[in-house]
Each structure stands twice: as structure tokens, then as C-alpha cells.
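See below for the structure under consideration.
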Amino acid sequence: MPCPVAGLFYQWRSAKSRMAPQEHGSSGSLPNVGPGVSFTVNDVGYTVGAGIPPWTRLVDFLRERVKLPGTKALCREGGCGVCTVVVTVPDPETAGRTKTYSVQACQALVHSCAGWNIETIEHLGNRFTGYHPLQTALHGFYGTQCGFCSPGMIMTMYG
Ligand code: FES
């Protein structure tokens, strides 16, 4: 089954490539992106509107706007997994229930996150509130090297 997030990204990218240069930002004007998209990050609500460029990736929004640097960015191609977050969304196939899975935040545009409940490594566990068993296990079994990709590995296992 194709990944719905990657599908949205590739739709957007191919639409962007068909646009004339003046239509996507070189003139300083932003395309119309609608009234706003609402979602939560670690139980805090956010709404993004026209003030956020439509090409903004979720990973950049998390790091630069929400100031959560635990979610890393490296390849930006969906290959390395350092940007992984966990998302819970309504399941359209089973009314009233949700689905939870890991998402590579470099492959999701923030304007595509409507209704998502996004969880980052900061929410899973930390030195102030205590570590999640996955974090403790990775540490206890010497599962890290430099540690840069550890948040992504933890969030992939968690999702
Ligand atoms: S930055 Fe490598 S998968 Fe997202």
C-alpha cells in the first residue's frame, strides 16, 4: 500500500514544478493555502495558515517554529529516518477509531497535517520526567554511537 504522506508530497512537488516561477514565491507573494490547518504537537494545539509557506516540511516546522530540536533533519529524502515522529489520525475505515504510526517528518508538508496528533521524542521521555522503556533499553544495551539518529530509531520503534 503506498504511503499517503509521501503521495501528498509528490503530488505537491509535481504541481510546484508545473508552476511558473512567479507563482511560487519569487515575486514575494504566497499561493492561497486556505483558512488554516489545525493539529497538535505533544498535546499542544497549532493552526498554520497562509503565514507558513505551503512548501514547509513538518520537520522544519517542528524544529524552527515549535522549537523541538529532538527531531533531526539530515537526508530530507525519506531515507535515513532521523526525522521520524509518531502520528495518530482518525481512521476513515473504522469510524470513531484512530490509527497510530510513524511518519518521516521530512516527507510531510505541514499543511497536510490536518487533524493529526503528532508526538515527538521530547514527549516520549526526557531527563526531567523520566525516560520511556525504549529509551532506557537503547541506552542500556549501548545502542547508540554519536546519538544523532537515536531519536528517530526510538520513534520508529514506538510508532
Ligand atoms: S531527514 Fe532523512 S528521512 Fe527525513
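As the structure lists them, so they are numbered: ligands from 1, and atoms in each ligand from 1. The structure displayed is predicted, hence computed values, not measured ones.
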List ligand 1 atoms under 4.0 Å from [X], heavy atoms only on the residue side.
X     : value
Gly78 : 3 (S)
Gly79 : 3 (S)
Cys83 : 1 (S), 3 (S), 4 (Fe)
Arg76 : 1 (S), 2 (Fe)
Gly81 : 2 (Fe), 3 (S)
Cys80 : 1 (S), 2 (Fe), 3 (S)

Check whether any side-chain N or O of [X] sits under 3.5 Å from a backbone N or O of [Y] as a donor-acceptor pair, and report yes or no.
X      : Y      : result
Arg76  : Cys106 : no
Thr156 : Gly152 : yes
Glu119 : Asn42  : no

Is the distance from atom 2 (Fe) of ligand 1 to the nearest N/O/S atom of Cys106 under 2.8 Å?
no
Give the intermediate values and the outcome of ring-ring contact (aromatic ring centres under 6.0 Å, His included) for residues Tyr158 and Tyr101.
CA-CA 8 Å; Tyr158 179 62; Tyr101 49 89; over 10 Å; no
Is Val87 reachable from Leu68 through a run of I, L, V, M, F, W or Y residues, each pair having side-chain heavy atoms under 4.5 Å apart?
yes
Is there a donor in the side chain of Thr94 and an acceptor in the side chain of Asp91, or the other way round, less than 3.5 Å apart?
yes
